[in-house]
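Here is the structure we will look at, set down as C-alpha cells.
Lettering follows sequence order; numbering is per chain, from 1. Because the structure is predicted, anything quoted here is derived from the model rather than measured.
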Protein chains: 2
Amino acid sequence: MKEFIRVMKALSDPNRVKILKMLNRRELCVCEIQAGLGLAQPTVSKHLKILEDAGLVQKRKEGLWVNYRLGDGDSSPYAATLLGNLKHWLNDDPEISAILAQVPDLNRDAICSRQ
Amino acid sequence: MKEFIRVMKALSDPNRVKILKMLNRRELCVCEIQAGLGLAQPTVSKHLKILEDAGLVQKRKEGLWVNYRLGDGDSSPYAATLLGNLKHWLNDDPEISAILAQVPDLNRDAICSRQ
DNA sequence: CTCCTATATGCCCATGTATTCATATATCCG
DNA sequence: CGGATATATGAATACATGGGCATATAGGAG
C-alpha cells in the first residue's frame, strides 16, 4: 500500500509530471530540467528525489552532472505501469507540448555555466 | 493536466484507495463504508466527494441512502484506466484484504440506525 | 407540518507539501 | 592543495490536506 501511495503522490504534482514527460524524450541533467520548468534548482532536486523514491526515475552520475532518466520498472510495478500510461497521456496538453517542444534544444553546456 | 492531477490526488490517500477496493466488490452506502473504515461520517463523505470529482465513483440516491459505486469511466479516461489497474492491485495487501473480508457482512440496516 | 435518519457542509486544528534562500557536498581542473 | 561548478540538503514560509465536531440539508414516516 505504501509503495502504491508513494507512486500516486509522486504523480500528483504538475511539475513532476512535466519532468516525466521531458524524460520520456531523453535523459536530462538537473540544470536542463530546471531550464525547462523555470523553477529554482533546489526545487527541481527535491522533485527528482520524490520521483526517484517512487521508482519513477533513475539517476546516473557523469562527472559533475547527474543524469536522470525514466525508471526501468524494476523497483515498482505501479511505477512501471503508470510510466507506460504516461507515454500516451497528456501529449495534447498545452503545458506539456510547450515544454516538450523545447526539450531538443536543451543544452547543458549552454545552460549550466550561466546559473 | 488538471483532470489527471485530480485523479492522482484522489488516489494518494490510503482510505480513499480502501473505499475503491470495497466498491470493487459491490455498491455501498455511506454508512457501510464508514463502518468498514472506522472513520467519522463527515470524513467519509468528503473522501467520497473527492473520488466523485475525479470520476472514480458515482452516486445513486435510494430514498434516504446514497449508494456509491465505481465510476463507469465516461468522465475521465485516467480514472477508467486506474480503476482497471486497481482491480488487480493491492489484493494481497494486509490492510486491504482485512477490509474486503468484512464487505460481505456490511448491512446498512444493522449499521445505520445505531449511529 | 413535525420528528427522525442518512448524508453533506462549515469551521477548526494538526500535519504535510511546494517553494525559495542559504549553505553543504561532490567532482573536476589547475 | 585551492577554486570553480553541478547538485543536494536544511531552515523558513505559505499553502494544501485529512481529521473530527457541530450543524445544515434532504428525504421518509406519522
Rounded to the nearest Å, what distance is computed from the CD atom of residue A:E32 to the P atom of nucleotide D:dA6?
11 Å

Heavy-atom pair of closest approach, residues B:W89 and B:L82
CZ3-CD1, 4.3 Å

Could you state the CZ-C1' distance from B:R16 to D:dT17, rounded to the nearest angstrom?
8 Å

What residues 2-15 of chain A contributes to the DNA chain C interface at heavy-atom separation below 4.0 Å is A:K9, A:D13, A:N15

Compare every heavy atom of B:R16 with every heavy atom of B:K9, then report the nearest pair and how far apart it is.
O-NH2, 3.0 Å

Starting at atom NZ of B:K59, determine the distance to atom P of C:dA6, rounded to an integer number of angstrom.
17 Å

Restricting to non-hydrogen atoms, name the atom on A:H47 and the atom on A:D13 that form the minimum distance, rounded to 0.1 Å.
CE1-OD1, 3.6 Å

Distance-only donor-acceptor test (3.5 Å): side chain B:Q41, base C:dA6
no

Heavy-atom closest pair (A:D93 atom, A:E95 atom, distance to 0.1 Å) is OD1-N, 2.9 Å

Using only atom types and a distance under 3.5 Å, with no angle test, would you say the side chain of B:K21 pairs donor to acceptor with the backbone of B:S97?
no

Applying side chain to side chain contact (heavy atoms under 4.5 Å, CB included) to B:I19 and B:L51, what does each step give before you reach the verdict?
CA-CA 9 Å; B:I19 291 175; B:L51 290 170; 3.8 Å; yes

Identify whether any heavy atom of B:I33 sits under 4.0 Å from a base atom; if not, whether one sits that close to sugar-phosphate; answer base, sugar-phosphate or nothing.
nothing

Side-chain N,O (A:S45) to OP1/OP2 (D:dT7) below 4.0 Å
no

Shortest non-hydrogen contact between A:G36 and A:I99, atoms and distance:
O-CD1, 3.9 Å

I need the CG-C1' distance between A:D109 and D:dA4, as an integer number of Å.
15 Å

Check the phosphate of D:dG19 against B:H47, side-chain N and O only, distance under 4.0 Å to OP1 or OP2. Yes or no?
yes

Length of the CZ-P vector between A:R60 and D:dT7, whole Å
13 Å

Closer than 3.5 angstrom, by distance alone: can the side chain of A:E32 be matched with the main-chain N or O of A:R108 as a donor-acceptor pair?
yes

Side-chain N,O (A:R108) to OP1/OP2 (D:dT5) below 4.0 Å
no

Do B:L37 and B:I96 share a hydrophobic cluster (ILVMFWY, side-chain heavy atoms under 4.5 Å, transitive)?
yes

Once you apply a heavy-atom cut-off of 4.0 Å, does B:I50 come out as touching a base, just sugar-phosphate, or nothing?
sugar-phosphate

Figure out the CD/P separation between B:Q34 and C:dA6, and round it to whole Å.
10 Å

I need the CG-P distance between B:L28 and C:dA6, as an integer number of Å.
16 Å

When you measure from the side-chain N and O atoms of B:T43 to the phosphate of D:dG20, is any distance below 4.0 Å, counting only OP1 and OP2?
yes

Side chain of B:L39, heavy atoms from C-beta onward: which of D:dG20, D:dG10, C:dT7 has the nearest atom to it?
D:dG20

Whole-Å gap separating C1' (D:dT5) and CD1 (A:I111):
15 Å

When you measure from the side chain of A:R25 to the backbone of A:A101, do you find a donor-acceptor pair of N or O atoms at a distance under 3.5 Å?
no

Taking for each residue the nucleotide of DNA chain D with the nearest heavy atom, is it A:V30 or B:P42 whose nucleotide lies nearer the 5' end?
A:V30

Go through the N and O atoms of the side chain of B:K49 and the base of C:dT9, and report whether any donor-acceptor pair is under 3.5 Å.
no

Within residues 61-71 of chain A: residues closer than 4.0 Å to DNA chain D (heavy atoms)
A:L64, A:W65, A:V66, A:Y68

Counting only side-chain heavy atoms from C-beta out, which of D:dG20, D:dT7, C:dA18 sits nearest to B:A40?
D:dG20

